[in-house]
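Encoded as structure tokens, the structure appears first; notes follow it.
Just so we're on the same page: letters track the sequence lines, and every chain starts at 1.
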Amino acid sequence: MGELDVRQMNDVVIKGDVTAAACLTEELLKAGNDAAVIVENGLLPGLRTVGDKYAAGEFFLPELFSAGEVAKAVVEILASTVKKGDAIAYKRTVVLGTVSGDVHDIGLNLVAATLQGAGYKVINLGKDTIAEEYIDAVKEHKPDIVGMSALLTATMSYMKTVIDALEESGLRDKVKIIVGGPSLDDAYARNIGADAYGRDAGDGLRKVESLLG
Amino acid sequence: MKPRERVLRAIERNEPNRIPIDLGAMCWSIVDSPHMRHHPYKELCKYLGIKDYAEPSSEPLMYEVNNIDERILERFGVDVRYMYPHFPPFTYDPQGGAIVGLFGVRMKPGGYYGDPDYYPMRDLDSVEAIENYPNYPNPDDPVYEQEGLREEALALREKFPDHALGIELGFLGVVFDLSEVMFGLDRWMYNLKNRPDLWHVWMGMYFRVTDPIVKNILMAVGDILDIVVIYNDYGTQQGPYVSHDDYVKHLKPYEARLIERVKRWAPKVKVLMHSCGSIYDVIKDRAEMALDVQNPMNPLAKNMNPEYLKEHFGDIISFHGGVDIQRLLPFGTPDEIRQRIKELIKIWMPTGGWIAAPSHNIQPDTPPQNIVAMYEALQEFGDAKFFREV
């Protein structure tokens with residue numbers, strides 16, 4: 001199978017068709033396509049299109065979550081090939097978590113799925129994550145990016161606590177920091193010393209890519 | 001003009017003698033979680049010199065205070081008082097450390113809001129599985145007969161003869177948020193697109209089991225109360241959950257049923273729907289369904305600031321809420337709050353159409369002086385005479 005078939009993945013993601021995506025992934029792998037190529041040329045452009053259409057108000061949550069389901073299904077199949085020794089070359093590593101005191105993780109998981117689908121290795125620390133957990137994860141996984149999420153105004157201030165803690169541990173310069181959540185904006189991100197603010201999953205992916213140049 | 005008349009005049013979009021004021025229901029109260037370090041309700045009591053307040057209580061799935069001290073409501077000029085139907089008690093599942101409520105909803109205590117620890121319908125992928133789900137409320141359960149509810153409503157009316165009175169229907173007055181905690185938002189949305197059959201059968205079951213219970217409630221209290229509160233969160237900060245076509249096709253019919261059944265069994269009451277987020281896309285639809293009041297106007301969400309809403313929908317529906325809890329109340333100064341309250345009053349006077357309340361539960365990091373500034377300004381500047389003179 002050639003390049004054209006990998007691009008079929010793009011349409012499948014946009015349609016949000018999980019069954020078709022799983023079949024197509026298997027076929028593409030069988031035909032000798034590299035996992036990274038499937039991600040780069042199939043899944044990622046599809047997710048970008050879905051993210052752009054969502055941001056533009058053309059797509060809504062059903063389309064967004066269906067694309068997320070497709071990404072999960074594809075990534076799962078591709079990940080199973082790793083065990084066979086056909087390793088995926090992850091682009092970079094991202095550590096993500098919702099900050100301490102906040103138990104909201106819908107946005108977090110959406111960002112995780114989007115980044116995973118785009119070929120990043122994602123260490124998802126989940127919700128209610130304290131500064132020490134971020135620091136331990138940075139030491140262990142040596143990520144390029146640390147992402148923090150918060151839904152509540154009462155918890156978003158904890159992002160600064162984490163950034164200060166990374167600073168004190170001498171790790172701040174080793175990572176780029178991106179923050180997200182409905183009560184945040186670019187100015188808030190700058191004020192607390194983050195490198196970027198992601199408005200939603202699609203924007204988060206774009207910011208991650210631009211931070212890593 | 002008495003509080004009740006003021007509220008009803010405003011809902012009917014006539015000039016009230018003062019902007020009506022609200023605080024203390026499930027979605028416009030104060031968050032005070034026993035699990036966290038901020039305790040804004042207790043701080044407010046302390047700030048107002050009220051020492052003998054009752055320990056804050058809330059229904060177990062959220063941490064909004066549902067027993068705000070009467071002295072505070074009085075001082076803030078709150079025009080509405082609320083009551084609740086009879087539900088079976090929540091149970092505690094030590095296995096998962098979760099509280100189990102109506103429909104088998106499971107919430108884990110902690111944080112500022114409870115959080116689902118498991119979505120009981122998430123993996124149900126056939127019509128039969130949804131029909132045979134074991135934890136639907138049984139309308140024949142004696143608790144749902146609502147014995148004594150009428151007497152409670154009469155007692156509330158006696159205690160507050162001049163106030164507007166409302167009842168909250170909880171899970172008996174909501175389909176969207178309930179679907180979120182039953183399926184998970186992602187699965188619910190995925191199903192809407194890919195398995196609408198599952199959504200429609202779930203909705204059929206919901207109305208089959210809840211219609212008789214809601215009928216019992218409203219037949220008991222509908223002639224005593226003024227407001228029935230229902231809920232359907234439908235927006236993110238940026239926009240509605242689904243496209244307008246999908247809303248009309250899949251969601252609108254069930255919103256219409258939620259409203260219609262209240263009006264059928266309590267024809268005199270006003271229906272107030274709480275619906276978070278950027279929901280401008282469906283306000284016209286809701287007005288068509290004869291919804292009386294739309295809460296909460298999250299003003300920082302897209303197209304949801306009161307100026308925009310008044311201009312586009314002010315003639316067809318009334319609003320409740322609108323005082324920003326995301327920025328203004330937690331981070332603003334008392335002067336900024338007073339200024340914004342003046343602006344809001346200017347929008348809604350003399351036409352009516354607004355009951356003033358926070359745009360959701362007042363958040364944990366909100367200083368008590370800001371809460372007081374909001375309610376004092378509403379009383380000071382909301383007066384019709386004052387408004388005309390200024």
Side-chain angles (χ1 to χ4, degrees), chain A residues 14-21 53-73 98-110 112-113 126-128 150-158 180-185 187-188 191 199-203, chain B residues 31 33 35-38 40 107-117 180 184-196 199 234-247 250 276-278 281 298 300-302 324-331 361-366:
Chain A
I14 293 166
K15 284 191 190 126
D17 190 333
V18 173
T19 316
K53 282 180 180 286
Y54 180 74
E58 291 171 45
F59 272 8
F60 295 84
L61 294 185
E63 292 77 23
L64 196 64
F65 281 119
S66 296
E69 287 292 318
V70 165
K72 258 190 259 175
T98 300
V99 295
S100 172
D102 204 318
V103 292
H104 297 87
D105 61 0
I106 292 172
L108 175 77
N109 291 336
L110 204 56
K127 53 202 176 190
D128 200 9
L151 178 75
L152 309 174
T153 59
T155 54
M156 66 193 205
S157 58
Y158 193 83
S183 302
L184 280 67
D185 55 19
Y188 188 84
N191 283 344
R199 196 167 47 82
D200 51 40
D203 188 44
Chain B
V31 173
S33 163
H35 306 285
M36 301 306 294
R37 57 185 186 273
H38 294 286
M107 303 291 274
K108 207 159 189 164
Y112 289 116
Y113 294 88
D115 192 44
D117 83 323
E180 283 183 42
L185 178 65
D186 55 340
R187 185 58 53 88
W188 174 39
M189 289 290 125
Y190 178 84
N191 282 351
L192 272 186
K193 180 171 157 63
N194 299 285
R195 292 295 307 272
W199 161 248
Y234 179 64
T236 68
Q237 196 80 351
Q238 317 290 347
Y241 282 0
V242 308
S243 70
H244 193 260
D245 284 351
D246 280 346
Y247 168 79
H250 295 307
C276 268
S278 175
D281 199 34
N298 300 136
L300 302 190
K302 186 180 166 193
D324 172 34
I325 56 125
Q326 282 187 296
R327 291 276 165 76
L328 182 68
L329 284 177
F331 306 128
N361 288 311
I362 292 172
Q363 293 297 291
D365 48 355
T366 307

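Note: A:T153 OG1 to B:I325 CD1 = 6.5 Å, rounded to the nearest 0.5 Å. For the atom pair CZ (A:F60) and OH (B:Y247), the distance works out to 13.5 Å, reported to the nearest 0.5 Å. Interatomic distance, B:D186 CG to A:E69 CD, rounded to the nearest 0.5 Å: 6.0 Å.
At a 4.5 Å heavy-atom cutoff, the contact between A:Y54 and chain B is made by side-chain atoms alone. For B:Q326, the parts lying under 4.5 angstrom from a heavy atom of chain A are both the backbone and the side chain. Interface remark: B:T236 contributes side-chain atoms only to the contact with chain A (heavy atom separation under 4.5 Å). Contacts of B:D246 with chain A are made by side-chain atoms alone, with heavy-atom separations under 4.5 Å and no backbone atom involved. Neither the backbone nor the side chain of A:E58 comes within contact range of chain B, judged by heavy atoms closer than 4.5 Å.
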Original post:
Could you walk me through whether A:E63 and B:M189 pass the side-chain contact (heavy atoms from CB on, under 4.5 Å) check?
Top reply: CA-CA 8 Å; A:E63 292 77 23; B:M189 289 290 125; over 6 Å; no
Original post:
Hey, mind stepping through B:V242 and A:L61 against side-chain contact (heavy atoms from CB on, under 4.5 Å) and telling me if it holds?
Top reply: CA-CA 6 Å; B:V242 308; A:L61 294 185; 5.6 Å; no
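Each of A:G68, A:P182, A:S66, A:S100 has some count of heavy-atom pairs under 4.5 Å with chain B, and the biggest count is that of A:S66.
Judged by distance alone, with hydrogens and angles left aside, the side-chain atoms of B:R327 form a donor-acceptor pair with the main-chain N or O of A:S183 at under 3.5 Å. Side chain of B:K193 to backbone of A:L64: no donor-acceptor contact under 3.5 angstrom is found.
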